[in-house]
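If you're wondering where the values come from, they're calculated on a predicted model, not measured in any experiment.
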Amino acid sequence: MMAARRPGLIALFDVDGTLTAPRKVVTPKMLEFMRELRKVVTVGVVGGSDLVKISEQLGKTVTNDYDYVFAENGLVAYKDGKLIGTQSLKSFLGDDKLKEFINFTLHYIADLDIPIKRGTFIEFRSGMLNVSPIGRNCSQEERDDFEKYDKVHNIRPKMVSVLREKFAHLNLTFSIGGQISFDVFPHGWDKTYCLRYLDDFDEIHFFGDKTYKGGNDFEIYESQRTVGHTVTSPDDTVEQCQSVFLAKQDGGL
């Protein structure tokens with residue numbers, strides 16, 4: 001018999017590489033595991049993507065399937081299926097500063113010599129910009145190839161270094177995530193932003209795959225408010241959750 005949900009405890013999960021394979025749809029096995037886990041602890045999801053993309057991976061009912069869903073690092077926040085908060089990059093920076101950044105970035109990409117380029121190099125989200133040197137319209141095979149190419153040639157890290165120096169006056173954070181892109185947002189708008197909605201919890205566990213410095217899970221993983229867990233795959237996520245939350249449950253899962 002599984003114990004009742006423990007108060008004051010929440011498990012937060014990254015999406016890509018943690019609950020799903022990168023940009024892949026969640027498996028029925030993982031969905032079932034999350035349903036069972038919610039019987040023991042409060043469960044939340046925090047992703048860098050907007051709600052549309054998170055829903056494509058975790059299902060159209062994602063805001064009801066989890067206690068908390070934080071899209072765009074928590075800049076768009078849901079609790080029990082209801083919107084509880086939003087923040088706008090446009091209102092924060094203003095059009096002039098946004099245009100300055102976008103113009104420079106597009107020029108940089110235009111001069112970038114990589115094997116292929118597709119379309120949608122900058123995606124404007126409500127709380128951040130997502131920049132992709134290859135373009136988000138690439139196929140899954142092209143994504144995989146670029147990821148391998150990037151690991152050798154450091155296309156994204158080099159681009160981030162240039163942008164960070166050029167736009168130091170805007171106090172922006174650059175966070176590399178997924179296979180083909182990186183996010184750009186004001187300092188403090190990383191995944192720790194979602195923690196402002198979790199004051200009722202005295203124990204917050206976070207599970208993510210990009211917990212290294214420069215990765216989009218780093219800040220929340222390192223936060224003093226969280227217990228950070230680095231995972232290598234969805235299967236590893238399940239194994240670690242079983243160890244952390246379910247080991248003492250009679251029969252486990």
Side-chain angles (χ1 to χ4, degrees), residues 14-16 46-54 70-77 83-114 117-137 146-147 150 153-197 206 208 210-226:
D14 168 51
V15 181
D16 274 4
V46 53
S49 297
D50 59 29
L51 184 63
V52 171
K53 289 184 174 61
I54 290 176
F70 300 112
E72 301 186 45
N73 292 348
L75 299 172
V76 181
L83 182 67
I84 58 173
T86 61
Q87 178 61 278
S88 166
L89 180 65
K90 179 180 176 181
S91 63
F92 186 84
L93 285 181
D95 280 327
D96 288 343
K97 291 179 180 178
L98 279 172
K99 184 173 69 173
E100 178 190 5
F101 180 88
I102 291 170
N103 285 348
F104 182 90
T105 302
L106 288 175
H107 278 292
Y108 183 98
I109 293 174
D111 293 334
L112 192 61
D113 186 17
I114 57 177
K117 293 179 183 176
R118 293 300 180 248
T120 310
F121 300 102
I122 299 179
E123 185 174 81
F124 191 94
R125 300 173 181 171
S126 60
M128 68 178 70
L129 296 176
N130 180 263
V131 179
S132 175
I134 185 178
R136 297 194 63 87
N137 290 354
F146 178 81
E147 183 179 28
D150 190 40
H153 299 280
N154 295 310
I155 301 300
R156 288 183 292 173
K158 289 177 182 178
M159 187 173 179
V160 163
S161 180
V162 170
L163 293 173
R164 183 179 286 120
E165 181 177 356
K166 171 69 176 178
F167 295 99
H169 61 291
L170 296 185
N171 294 317
L172 298 173
T173 293
F174 299 84
S175 183
I176 296 173
Q179 296 177 287
I180 62 168
S181 64
F182 57 89
D183 295 327
V184 184
F185 44 85
H187 284 325
W189 287 22
D190 51 64
K191 287 184 178 178
T192 60
Y193 193 93
C194 76
L195 299 178
R196 66 187 58 202
Y197 297 105
F206 172 76
K210 289 182 170 57
T211 57
Y212 49 83
K213 188 172 179 61
N216 64 354
D217 297 324
F218 175 75
E219 290 84 2
I220 191 169
Y221 172 81
E222 288 286 312
S223 171
Q224 294 183 350
R225 290 194 59 198
T226 68

Rounded at 0.5 Å granularity, tell me how far [atom1] in [X] sits from [atom2] in [Y].
X	Y	atom1	atom2	value
Ile134	Ile155	CD1	CD1	10.5 Å
Asp217	Ile176	CG	CD1	12.5 Å
His187	Glu219	NE2	CD	10.0 Å
Leu93	Phe167	CG	CZ	11.0 Å
Leu129	Phe182	CG	CZ	9.5 Å
Asp50	Met128	CG	CE	9.0 Å

[X] and [Y]: which non-hydrogen atoms are nearest, and at how many Å?
X	Y	result
Arg136	Asn130	NH1-OD1, 2.7 Å
Ile54	Ser49	CD1-O, 3.6 Å
Pro133	Ile109	O-CG2, 3.8 Å
Ile220	Cys194	CD1-SG, 4.0 Å
Gly177	Asn216	CA-ND2, 3.7 Å
Phe174	Leu163	CE2-CB, 3.6 Å

Go through the steps for Leu51 and Val76 under the test side chain to side chain contact (heavy atoms under 4.5 Å, CB included), then give the verdict. CA-CA 8 Å; Leu51 184 63; Val76 181; 5.6 Å; no
Looking at side-chain heavy atoms only, is the closest gap between [X] and [Y] below 4.5 Å?
X	Y	answer
Phe218	Ser175	no
Val162	Phe104	yes
Val131	Met159	yes
Arg225	Thr192	no

Begin from the C-alpha positions of Leu195 and Thr226 and carry the test side chain to side chain contact (heavy atoms under 4.5 Å, CB included) through to its verdict. CA-CA 9 Å; Leu195 299 178; Thr226 68; 4.1 Å; yes
Donor-acceptor pair, distance only, cut-off 3.5 Å: does the side chain of [X] make one with the backbone of [Y]?
X	Y	result
Asn137	Arg118	no
Glu72	Gly127	yes
Asp150	Arg156	yes
Lys191	Phe70	no
Arg196	Tyr193	yes

Step through the shown structure and confirm whether more than 12 heavy atoms of other residues, nucleotides or ligands are within 6.0 Å of NE2 on His107. no
Lys97 NZ: over 12 foreign heavy atoms closer than 6.0 Å: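 Not buried by this count: 12 neighbours or fewer within 6.0 Å.
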Test side chain to side chain contact (heavy atoms under 4.5 Å, CB included) applied to Lys53 and Val15, step by step: CA-CA 10 Å; Lys53 289 184 174 61; Val15 181; over 6 Å; no
With Asp16, which residues qualify under salt bridge (charged side-chain N to carboxylate O under 4.0 Å, His left out), at least two apart?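 With neighbours one apart ignored, the set is empty.
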Run the side-chain contact (heavy atoms from CB on, under 4.5 Å) test against Asp95 and tell me which residues pass, sequence neighbours left out. Lys90, Leu98
Stepwise side chain to side chain contact (heavy atoms under 4.5 Å, CB included) check, Trp189 with Asn73: CA-CA 7 Å; Trp189 287 22; Asn73 292 348; 5.8 Å; no
